[in-house]
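Down below is the structure, laid out as structure tokens.
We count ligands from 1, going down the list as the structure has it; atoms in each ligand are counted the same way. These numbers come from a predicted model, not from an experiment.
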Amino acid sequence: MKNIAIFASGSGTNAENIIRYFTANKTVNVSVVLSDHKKVNVHERVNKLGIPSFAFTREEFTGGTPVINMLTEYKVDFIVLAGFMNKISHVLLTAFPHKIINIHPALLPKYGGKGMYGMHVHEAVVNAGEKESGITIHYINEYYDEGKIIFQATCPILPSDTPEDVATNVHALEYEHYPRIIERLLTENGR
Ligand code: GAR
């Protein structure tokens, strides 16, 4: 059994979807959810499903030790970022080499980097007149959105689509693919 931790900063719909997917799964277990905010929906959402969640400050995430202690306590093998809006520190990267993945709501390498998160991404994509967008699942390295790409999926953008429409379509792709890719990675020795 592989234990995963999900890191999330806001609403946590992806966290919920991943937890539901792995309920009663024999190989993957979501053991804990960590956030960089106390008062966000993700806590209530995952606690309802019986998954514990904790909030740490930005400094605690950067310093690493309290977060790593918590991950050790919950015997975490693999970290999944799902709407986590903070940079992953060098300490965490060293403690979990090649074992931290992220989902980005666009087709990297376009529309990535600092400041490109959530609705900002969809607004930039629509403003640029793109004909398609999508999702990128990738490993984390020390640079924002630059780790090795694992998987991408696309959705068309119609001329009448608003950033909100694109967000809805991208979320649908996230729900469809992220749990499946996590499962594939963890049943292939995390590679
Ligand atoms: C998701 O669309 C995710 O791809 C994005 O935030 C949203 C979180 O939604 N992540 C980023 O922008 C990271 N750069 P959720 O809280 O409902 O899962």
Atom indices of ligand 1 within 4.0 angstrom of [X] heavy atoms, with elements:
X      : answer
Ile103 : 4 (O), 10 (N)
Met116 : 14 (N)
Gly83  : 6 (O), 8 (C), 10 (N)

key: Over 12 foreign heavy atoms within 6.0 Å of OH, Tyr178   = yes
Heavy atom of the protein closest to [atom] (residue, atom name, distance):
atom                    : answer
atom 17 (O) of ligand 1 : Thr13 OG1, 2.5 Å
atom 11 (C) of ligand 1 : Pro105 CD, 3.6 Å
atom 6 (O) of ligand 1  : Met85 CE, 3.5 Å
atom 3 (C) of ligand 1  : Glu174 OE2, 3.4 Å
atom 16 (O) of ligand 1 : Gly12 N, 2.8 Å
atom 9 (O) of ligand 1  : His171 NE2, 3.2 Å
atom 12 (O) of ligand 1 : Gly118 N, 2.9 Å

task = Mark the output for Val170 as yes if a heavy-atom distance to ligand 1 is under 4.0 Å, and as no if none is.
result = no
key: Proximity of Phe7 and Phe56 rings by center, below 6.0 Å   =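 Between Phe56 and Phe7, which both carry aromatic rings, the centre distance is not below 6.0 Å.
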key: Donor-acceptor under 3.5 Å (His43 side chain, Leu34 main chain)   = no
query = Side chains of Asn86 and Ser9: is there a donor and an acceptor less than 3.5 Å apart?
reply =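 Side-chain D/A pair, Asn86 to Ser9: absent.
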task = Establish, from distance only, whether the side-chain atoms of Arg45 and Ser11 form a donor-acceptor pair under 3.5 Å.
result = yes
ask   = When only distance counts, is Tyr117 in polar contact with ligand 1, meaning an N/O pair under 3.5 Å?
value = no
request  = Find out if a path of hydrophobic residues (ILVMFWY) with successive side-chain heavy-atom gaps under 4.5 Å connects Ile79 to Phe84.
outcome  = yes
ask   = Any salt bridge between Lys87 and Glu142, counting N to O under 4.0 Å?
value = no
message = Taking Glu176 first and then Arg180, would you say they form a salt bridge - that is, a charged N and a carboxylate O separated by under 4.0 Å?
response = no
